[in-house]
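Structure record follows, encoded as structure tokens.
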Amino acid sequence: MLTKRIIPCLDIKDGRTVKGINFEQIRDAGDPIELGAFYAEQGADELVFLDITATVEKRKTLSELVNKIAQRINIPFTVGGGIKTEEDVSILLQNGADKISINTAAFLDPTIIHRFAKNFGSQCVVLAIDAKCEEDNNWYVYLNGGRTKTDKLVTDWAKEAVDLGVGEILLTSMNHDGTKQGFALDITAELAARLPVPIIASGGGGNAQHFLEVFTHGKADAALAASIFHYKEVAIPDLKQYLHQQGVSIRL
Amino acid sequence: MSIVIIKYNAGNIQSVLYALERVGVTATVTDNVEAIQAADKVIFPGVGEASTAIAYLKERNLDQLILNLKQPVLGICLGMQLMCAYSEENETSCLGIFEEQVKLFKPTDGSIKVPQMGWNNITHLKTDLFKGVDENSYTYFVHGYYAALGKHTIATTNYVQPYSSALHKDNFYGVQFHPEKSATVGAQIIQNFIHL
């Protein structure tokens, strides 16, 4: 049976993991390769590396890093952050990334979704959506790392993007992100029911029960989290054991 | 031991190269006929679309080359599907090493998504390719088309319905999943192939 996926996310700046990390087992806590390898050994199903490096000159560092990650990591991984052109995608995939994630650039020019899907296959094009539920109770798309509001509804944008060829959606609820109070179940379930592609839920995962809820009520195909794994608040083997005991299809 | 990965217009070859490196083997990526014929083991990778890949192979006579290989050959993902008789993906006649047909997943339940993406288990394991691999082990899949069950099936996976997650005939092996991305289970399968 196809399993639900647990995906740790690593934020990368200038080739190093940012956000505090609290792993004694890892020689160099800031090294994303060491951390990624550790998660892979722990049973993570995939990894996401998000490059938050500001400048264009630093992009070369990213492709070198992706190459080193591919050398070491024996599970699939997605790379995101500032990807705009076919050349960006091609370099990352050639260096061993399995999927690329796009966000603001795709919203500003949706034709890149079609071009990427056509050239590289839908299976490697992940659309990241930063979503916020406003007072009118609608979920809106935000851009530029959550700094810019748009008038587009998340459900509309997701549908449009799937029609253009994205193979997977990474949905981050800005209302829930960082709260550790649980994932946004309703909007996740709505997208999962409407769309023929897998939905990765992100934002708000604080304990094992939250993951159970996002897989059952939220109908998510995968769940992503960062700091709770980095800070060892939730250990992946314990989390997966718990989900298995609760009847969720999971890879142990 | 010389391992060759067939170079053509499909596939994430870097990941396969690195997976081989992790089990201590250096492979060469080439479309050179002599080099492929002389190799001890040949890997035929593939991610992409069937008709384009077959057309590319035919143009370069790589189809005949593959059919005539005598050493162990491992097709991965689309590579395996291209070794079958026929694919529904753009109604493509394939290499015909395995008689099994490649079909599109057609779930009747709308909650089942196509392509299948993620970890699924492999059962009814046969041949030394799966030596030391436990029944029900998980491997990583990304595919919208599947090879039907048949007499060459050496591993079965269930998605929409049971299908061939691995095939074998004579010196030819094919796996639908990505061993290069399937953690320690995948590494074991790669190692087994190298030692066939």
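Just so it is clear: chains get the letters A, B, ... in the order the sequence lines come, proteins before strands, and each one is counted from 1. What's counted below: heavy atoms across the whole structure, side chains too, no hydrogens, waters or symmetry copies.
- We find the CD-CE distance between A:Glu46 and B:Met117 to be 7.5 Å, quoted to the nearest 0.5 Å.
- Contact of A:Ala40 with chain B is not made at all, since no heavy-atom distance falls under 4.5 Å.
- Taking 4.5 Å as the limit, some side-chain heavy atom of A:Phe77 sits within range of a side-chain heavy atom of B:Lys181.
- Among A:Met1, A:Gln123, A:Glu41, the residue with the largest count of heavy-atom pairs under 4.5 Å with chain B is A:Met1.
- Counting heavy-atom neighbours within 6.0 Å of A:Lys219 NZ, excluding the residue itself, gives a total of 12 or less.
- Remark: B:Asn121 CG to A:Arg251 CZ distance equals 12.0 Å, nearest 0.5 Å.
- Around atom NZ of B:Lys106, more than 12 heavy atoms belonging to other residues, nucleotides or ligands sit under 6.0 Å away.
- Heavy atoms closer than 4.5 Å to chain A are found nowhere in B:Ser111, neither backbone nor side chain.
- Distance check: B:Tyr159 OH to A:Leu2 CG gives 5.5 Å after rounding to the nearest 0.5 Å.
- When heavy atoms are compared at a cutoff of 4.5 Å, B:Ala183 approaches chain A by way of both its backbone and its side chain.
- Interface residue B:Glu21: only side-chain heavy atoms are found under 4.5 Å from chain A.
- Neither the backbone nor the side chain of A:Ala193 comes within less than 4.5 Å of any heavy atom in chain B.
- Among A:Pro196, A:Ser122, A:Ser249, A:Gly121, the residue with the largest count of heavy-atom pairs under 4.5 Å with chain B is A:Pro196.
- Only the side chain of B:Val142 comes within contact range of chain A, with heavy atoms under 4.5 Å apart.
- Rounding to the nearest 0.5 Å places CD1 of A:Ile73 at 13.0 Å from OH of B:Tyr18.
- Only the backbone of A:Asn95 comes within contact range of chain B, with at least one heavy atom under 4.5 Å from a heavy atom of that chain.
- Within 6.0 Å of the CG atom in A:Asp186, the count of heavy atoms belonging to other residues, nucleotides or ligands does not exceed 12.
- For the atom pair NE2 of B:His178 and CD1 of A:Ile75, the computed distance is 14.5 Å after rounding to the nearest 0.5 Å.
- Considering CG of A:Asn74 and OG of B:Ser15, their distance stands at 11.0 Å, rounded to 0.5 Å.
- Checked by atom type and distance alone, the side chain of B:Lys113 pairs as donor or acceptor with a backbone atom of A:Val197 at under 3.5 Å.
- For the residue pair B:Tyr138 and A:Thr3, the shortest heavy atom distance occurs at CE2-CG2, 3.2 Å.
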